[in-house]
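Each residue takes its place number in the sequence, starting with 1. Values below: every heavy atom of this structure, side chains too, minus hydrogens, waters and symmetry copies.
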Amino acid sequence: MNDTFLPGSGFDTYESQDKVLMQMDGSTEAAVAVRILQQQGFAVVGAVVRLAPEQAEAAQRAKKAAEALGIECILLNAEALAQQPGAAGAWPQFAALLTAADKLGIQYIATGHHARVELGSDGVHTVCPAVDAALDESAALAALPQDTLARLLLPLGEFTAADVQEMAQDFKVNGTV
């Protein structure tokens, strides 16, 4: 993918060193998303969202993966959010990410979901399908509120599974966990 144009490579609309809080899960895909965001000019801070006590080990693996990428990573204990009535459909991890981003003065949040967010001429943000239909998660994100969509970056939505695997090799992030 060295000769492939990545969105934002020299043509982005973001200010140099805008910050983004990236949800980390320890996966190769999350590592690739971090590298894409960095190529787009973002200073990336990782965030591990823990929704239940049994996720402690997975959270530690994700934190180690962020350290291997050379980025700061914070642990967000969102158990209380996950236990609120109606939380299952309200995406408590997004609430945790937005709250932490606000406290840290970070404008954007990002995840490794396979979808895209587009801003229409009417000022409305819309969740659009991922380029790779087999990985598309847009339906699951479609109910997110406008204020969340306005701040959400989904760097993997523009790429196929094969593209992501090739970038993982190029970025040398295979086996980050």
Side-chain angles (χ1 to χ4, degrees), residues 1 4-8 12 14 20-40 42 44-52 54-55 58-59 61-63 65-66 69 71 73 76 78-79 81-82 84 86-101 106-120 124-171 173-174 176-177:
M1 297 240 38
T4 301
F5 173 78
L6 292 177
D12 57 43
Y14 305 108
V20 61
L21 188 63
M22 172 70 196
Q23 181 179 357
M24 299 298 296
D25 62 7
S27 70
T28 298
E29 286 188 333
V32 169
V34 166
R35 293 297 188 232
I36 291 169
L37 290 165
Q38 288 173 328
Q39 281 194 348
Q40 291 176 336
F42 287 102
V44 180
V45 176
V48 178
V49 181
R50 192 177 88 179
L51 299 173
E54 52 272 9
Q55 293 178 326
R61 282 195 312 270
K63 201 165 169 136
L69 291 167
I71 63 170
C73 188
L76 305 175
E79 291 176 41
L81 283 172
Q84 291 179 358
W91 292 84
Q93 68 266 37
F94 285 103
L97 286 169
L98 289 168
T99 299
I106 296 175
Q107 174 65 32
Y108 300 102
I109 61 170
T111 72
H113 287 94
H114 290 269
R116 298 174 296 121
V117 177
E118 293 183 1
L119 178 61
V124 175
H125 292 84
T126 305
V127 177
C128 299
V131 168
D132 190 332
L135 299 174
D136 181 47
E137 298 174 289
S138 59
L141 301 175
L144 289 172
Q146 283 293 303
D147 60 336
T148 300
L149 294 176
R151 297 176 65 184
L152 180 61
L153 303 177
L154 301 169
L156 299 181
E158 298 289 335
F159 301 101
T160 66
D163 292 337
V164 172
Q165 287 306 311
E166 189 175 337
M167 284 186 279
Q169 292 173 350
D170 290 347
F171 296 148
V173 295
N174 273 339
T176 301
V177 181

Checking A100 now: which residues fulfil side chain to side chain contact (heavy atoms under 4.5 Å, CB included) with it, not counting sequence neighbours?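 Listed in chain order: L21, I74, L76.
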
Going from [atom1] on [X] to [atom2] on [Y], what distance comes out if it is rounded to the nearest 0.5 angstrom?
X	Y	atom1	atom2	result
C128	D136	SG	CG	9.5 Å
F94	Q23	CZ	CD	6.5 Å
I36	L156	CD1	CG	5.5 Å
L153	H113	CG	NE2	14.0 Å
F171	L69	CZ	CG	11.0 Å

Within the 4.5 Å heavy-atom criterion, are [X] and [Y] side-chain neighbours or not?
X	Y	result
L51	E79	no
T111	L97	yes
M22	L37	yes

Stepwise, does the side chain to side chain contact (heavy atoms under 4.5 Å, CB included) test hold for E118 with H125? CA-CA 6 Å; E118 293 183 1; H125 292 84; over 6 Å; no

If we check side-chain contact (heavy atoms from CB on, under 4.5 Å) with L98, which of these qualifies: I109, L152, I106, D147?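 Exactly one option meets the side-chain contact (heavy atoms from CB on, under 4.5 Å) with L98, and it is I109.
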
Working for side chain to side chain contact (heavy atoms under 4.5 Å, CB included), residues L141 and L154: CA-CA 11 Å; L141 301 175; L154 301 169; 4.0 Å; yes

Using only atom types and a distance under 3.5 Å, with no angle test, would you say the side chain of [X] pairs donor to acceptor with the backbone of [Y]?
X	Y	answer
R35	M167	no
T148	L144	no
R116	V127	no
Q55	A52	yes
D132	F159	no

For a quick test of reading the model, state the closest non-hydrogen atom pair linking I71 to G46 and the distance between them.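 That closest heavy-atom pairing would be CD1-N, 3.8 Å.
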
Take V45 and C73, measure what side chain to side chain contact (heavy atoms under 4.5 Å, CB included) needs, and give me the verdict at the end. CA-CA 6 Å; V45 176; C73 188; over 6 Å; no

Evaluation steps, side chain to side chain contact (heavy atoms under 4.5 Å, CB included), between M24 and K63: CA-CA 7 Å; M24 299 298 296; K63 201 165 169 136; over 6 Å; no

